[in-house]
Number of protein chains: 2
Amino acid sequence: MSREVALTREEREARAQVEGLGIDVDAFAAVSNVFRVANAVRNYMERNLLAEYRLSFSGFTVLWVLWVWGPKESNVLAEESGISKSTLTGVVKTLEGLGFAARRPHAADGRRVLVEATDKGLAAVREIFPRFNALEGEITRDLTTEEREELARALRVMLHTVGG
Amino acid sequence: MSREVALTREEREARAQVEGLGIDVDAFAAVSNVFRVANAVRNYMERNLLAEYRLSFSGFTVLWVLWVWGPKESNVLAEESGISKSTLTGVVKTLEGLGFAARRPHAADGRRVLVEATDKGLAAVREIFPRFNALEGEITRDLTTEEREELARALRVMLHTVGG
DNA sequence: ATCCTATCGTCAGGGACCGAACGATATCAA
DNA sequence: TTGATATCGTTCGGTCCCTGACGATAGGAT
């Protein structure tokens, strides 16, 4: 059923080297390819799209979350963006410098801070996201719709297992 | 054929928000789940295994490459490890501080530098890698062997497309 | 009213990460 | 031999990223 796809040189050589060590080759291939793809795609997006807006991948992610869900407490925003609270502090600072986001004190709780996208930030995401998605389409163009769904499903299972 | 797997809350809500924007939902789901899994697994590995050796994910990757292929020029080592030359300089410096790697000048070319793992570094990888692989098995335990192969294959296709 | 404890966002310190610029070395042409 | 050009690893400036510690605020119990 599954079409032939050549292993990358790295993968081929790596397998040869760790053979006979009682290694779970399937798990190894699956997981390490997740990292390879994530790395490659992240760099690709940053270089070919995000750099134009002086946005890092994380910066865009945070802005995207703000666009989709509206203003959020730092706490939640960090969780939703997949980074730590302290990292978010820095990222939001950068976003503020670019005029893409702003901080607002919580009305009732003096400890909390609300982060929101500015109009300029919203405009940027509206411009970037369709292009971002188009690149996602490009990147997966050699997979059928069913294969993409299967891929997403398998990743979802892993996410569930590892507790993401 | 494919078992039901619930979408994560994030994924469900995100879909609802970007509906009707002409978005390629399958590509979106596939790519963003790659990032989610990579992030979650990277953190998991660093916290539950690598921290014990004071190794970052990149530090371990570099050491692993050195273990599998032997001494390498900085140039090639960076490429093979998926990081830039300048990042490698820093990572190797850290590895040297831990006593896991060493620099050696190239015999014929004064510009080049060879990086190699020390005995201590080699011993560490031999200890870590089987545990690392065991965690990879854990993480993919709810996928069948065929599903793991399909996952690796799909990712390989993407890697080929994006030119990794 | 005053502790005790929980939770908030930030800062400090250290490492990872990149692109651009740099000094050193190599190579090839004239 | 000298000069132009290419390539090597490092440095620099800026951002990301984490853990751990911190001051501030909140809220419950006494």
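First the proteins, then the strands, lettered A, B, ... as listed; each starts at 1.
Rounded to an integer number of Å, the gap from B/Asn75 CG to C/dT25 P is 18 Å. Atom CG in A/Leu63 sits about 16 Å away from atom P in D/dT15, given to the nearest Å. For the pair A/Leu88 CG and C/dG9 P, the interatomic distance rounds to 9 Å; values are reported in whole Å. Nucleotide C/dG14 holds its P atom 19 Å from the CD atom of B/Glu96, rounded to whole Å. We find that CD of A/Glu79 is positioned 12 Å from P of C/dC8, with the value rounded to whole Å. With rounding to whole Å, B/Leu77 atom CG is found 12 Å from D/dG9 atom C1'. Rounded to an integer number of Å, the gap from A/Glu73 CD to C/dT7 P is 14 Å. Protein atom CZ of B/Arg42 is 11 Å distant from nucleotide atom C1' of D/dC18, rounded to whole Å.
Residues B/Trp67 and A/Gln17 form no side-chain contact, since every pair of their non-hydrogen atoms from C-beta on lies 4.5 Å or further apart. Looking only at side-chain heavy atoms (C-beta outward), A/Tyr53 and A/Leu98 stay at 4.5 Å or farther from each other.
The one candidate from B/Glu147, B/Glu150, B/Glu11 that meets the salt bridge (Lys or Arg N to Asp or Glu O under 4.0 Å) condition with A/Arg153 is B/Glu147. Partner of B/Val37 under the side-chain contact (heavy atoms from CB on, under 4.5 Å) criterion, out of A/Val157, A/Leu159, A/Val162, A/Val31: A/Leu159 alone.
Comparing A/Lys93 and B/Gly82 against DNA chain C, the residue whose closest nucleotide sits nearer the 5' end is A/Lys93. Where B/Lys85 and B/Asn39 meet DNA chain D, the nucleotide closest to each residue was compared, and B/Lys85 sits on the side nearer the 5' end.
Between C/dT10, D/dC18, D/dG9, one nucleotide has an atom nearer to the side chain of A/Thr89 than all others, and that is C/dT10.
Of the residues in residues 98-117 of chain B, those with a non-hydrogen atom less than 4.0 angstrom from any atom of DNA chain C are B/Ala108, B/Asp109, B/Gly110, B/Arg111. Near DNA chain C, defined here as any heavy-atom distance below 4.0 Å, the residues from residues 44-60 of chain B are B/Ser56, B/Ser58, listed numerically.
At least one donor-acceptor pair under 3.5 Å links the side chain of B/Thr118 to the backbone N or O of B/Gly99.
Between the base of D/dT19 and the side chain of A/Ser86 there is a donor-acceptor pair shorter than 3.5 Å. A donor N or O paired with an acceptor N or O is not found under 3.5 Å between the base of C/dG19 and the side-chain atoms of B/Ser84.
In this model, no donor atom of one side chain and acceptor atom of the other lie less than 3.5 Å apart for B/Ser56 and B/Ser58.
Using the six-membered ring where Trp is involved, B/Phe129 and B/Trp64 have ring planes that are tilted, between 30° and 60° apart.
The side chain of B/Thr94 places no N or O atom within less than 4.0 Å of a non-bridging phosphate oxygen (OP1 or OP2) of C/dG15.
The shortest heavy-atom contact between A/Ser81 and A/Thr61 is O-CG2, 4.1 Å.
Within the structure, every pair that satisfies the salt bridge (Lys or Arg N to Asp or Glu O under 4.0 Å) test and touches residues 98-107 of chain A, not counting sequence neighbours, is listed here: A/Glu96-A/Arg103, A/Arg104-A/Glu116.
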